[in-house]
Amino acid sequence: MEVVYPKFRPDPGLSRAEMEELQREIAREAVFEGRFECDSPVVVGVDQAFPDEQAVSAIVAMRDGEVIERASAVTELSIPYIPGLLSFREGESILAAFEELECEPDLALFDGSGRIHYRQAGLATHMGVALDLPSVGVAKSLLCGRLSNPPEEPFSEGTRVPILADDRVEVEEGTVLGYAVQTRQYEGGSRYINPLYVSPGHRVDPETAASLAQAHCEGYKLPEPVRRADSYAGELADEARQ
DNA sequence: GCGACAG
DNA sequence: ATCTTGTCGC
């Protein structure tokens, strides 16, 4: 598929201030609402691996529980990881992989934050806006924001706790940015799984983002397309190291 | 100076 | 994320 808005391509050569300003522009362009009603959607999971100084991006496309396509791309890493600027480190590789994808996805699930971000423009939002594609951010840890009235831990399976904007986020404090979603939990009290932090990327509201993430979990913590992309990226990274 | 910090 | 051994639990 094509990058609809080239002006939003993440350029690692920008200054930090320019990156942050582009993120504010992306956040203004992003739509954090929508219920995503689609019959038999093509859903892609996106993940990366980093063998040596390269970024390997992997996309797995699924429809009705079946894998229909895989795509990937490899680029050289040019900047280090900086909290809040992740999309400028990994985005070029991800967009290159999307340009290799032949099918037309209806939704993308990313491994990282969407609206849960200092400038409301995390990886899922940046990519979703650049591609003009509905997207959801699925993170394994919380970048910013705070849980609203969390119940006792450990959260039981199916629990959803709102993530509210705190003073680190450039938006009215208390705004619902996403949800902590306990997609999987053990029953006994021995081991315990952390929740996912799910937020809108583009064209979905926070509740819909949480529902979409949950709906794609098949007995595992991560949504199936993301699990598959994670696995695929790992395979490609192993080959790249050889 | 101290704490926070997606992947 | 990546570098790595063992260990716990079903």
Side-chain angles (χ1 to χ4, degrees), chain A residues 10 12 16 19-20 23 26-27 30 45-59 73-95 97 108-128 135-147 154 157 163-170 177-181 184-202 206 209 213 219-223 226-227 229-242:
Chain A
R16 182 161 180 155
M19 291 180 182
E20 295 181 353
Q23 290 181 325
I26 288 165
V46 186
D47 194 20
Q48 291 77 239
F50 306 91
D52 306 313
E53 282 302 286
Q54 296 185 313
V56 173
S57 289
I59 300 176
V74 181
T75 64
E76 294 297 315
L77 284 172
S78 46
I79 61 173
Y81 166 68
I82 301 169
L85 298 178
L86 184 66
S87 62
F88 290 90
R89 173 173 161 87
E90 309 183 351
E92 285 288 34
S93 173
I94 293 172
L95 293 180
L109 305 179
F110 289 90
D111 64 312
S113 285
R115 194 183 187 184
I116 297 176
H117 179 273
Y118 309 126
R119 290 163 293 279
Q120 303 186 87
L123 181 69
T125 299
H126 194 153
M127 298 295 99
S135 63
V136 172
V138 179
K140 294 181 288 296
S141 59
L142 193 59
L143 175 63
C144 56
R146 60 180 179 81
L147 298 195
E157 197 165 300
I163 306 294
L164 306 183
D166 59 18
D167 57 12
R168 293 174 293 177
V169 183
E170 296 181 2
L177 301 178
Y179 285 88
V181 182
R184 182 90 167 95
Q185 190 56 279
Y186 294 125
E187 295 188 18
S190 52
R191 285 208 290 185
Y192 152 75
I193 300 174
N194 292 121
L196 292 177
Y197 300 94
V198 181
S199 59
H202 188 36
Y220 293 93
K221 172 174 177 171
L222 289 174
V226 177
R227 281 189 67 239
D230 183 285
S231 171
Y232 184 33
E235 290 176 26
L236 295 169
D238 287 338
E239 293 172 16
R241 291 189 185 99
Q242 296 311 313

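Proteins come first, then strands; the chains are lettered A, B, ... in the order of their sequence lines, and each starts at number 1.
Remark: the backbone N or O of Q54(A) is not paired with any side-chain donor or acceptor of D52(A) at under 3.5 angstrom. Between the R168(A) side chain and the Y118(A) main chain, no donor and acceptor come within less than 3.5 Å of each other. The backbone N or O of H202(A) lies less than 3.5 Å from a partner atom in the side chain of S135(A), making a donor-acceptor pair. At least one donor-acceptor pair under 3.5 Å links the side chain of Q185(A) to the backbone N or O of I193(A). Panel note: side chain Q23(A), backbone G84(A); a donor-acceptor pair is recorded below 3.5 Å.
Heavy-atom minimum distance, A240(A) versus P51(A): CB-CG, 3.9 Å. Nearest heavy atom pair, residue C144(A) against residue D166(A), reads C-OD2, 4.3 Å. The minimum heavy-atom distance between S113(A) and L143(A), with the atom names listed, is OG-CB, 4.3 Å. Of all heavy-atom pairs spanning P200(A) and A209(A), the tightest one is N-CB, 3.9 Å.
Using a 4.0 Å cut-off between a side-chain N of Lys or Arg and a carboxylate O of Asp or Glu, R227(A) and D230(A) do not qualify as a salt bridge.
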- [ ] State the dot-bracket string of DNA chain C. Criteria: Watson-Crick or G-U wobble, both atom distances under 3.5 angstrom; notation: ( ) intrastrand, [ ] crossing earlier pairs, | interstrand, . unpaired.
- [x] ..........
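As judged by a 4.0 angstrom heavy-atom cut-off over every strand, G84(A) is placed among the base-contacting residues. Among the atoms of the strands shown, none is found under 4.0 Å from any heavy atom of I116(A). Here S141(A) lies in heavy-atom contact (under 4.0 Å) with sugar-phosphate atoms only. Within 4.0 Å of L85(A), counting heavy atoms only, lies at least one base atom of the nucleic acid. Looking at heavy-atom distances under 4.0 Å, R115(A) makes no contact with the nucleic acid at all.
Counting to the nearest Å, the C1' atom of dC10(C) and the OH atom of Y186(A) are 9 Å from each other. We find that CD1 of I82(A) is positioned 15 Å from C1' of dA1(C), with the value rounded to whole Å. In this structure, Y192(A) places its OH atom 18 Å from P of dG9(C), rounding to the nearest Å.
Within 6.0 Å of OH in Y192(A) there are more than 12 heavy atoms belonging to other residues, nucleotides or ligands.
Listed by residue number, the members of residues 47-54 of chain A with any heavy atom below 4.0 angstrom from DNA chain C are A49(A), F50(A).
Protein chain A touches strand DNA chain B; the 5'-most and 3'-most nucleotides with an atom under 4.0 angstrom of its non-hydrogen atoms are dA4(B) to dG7(B).
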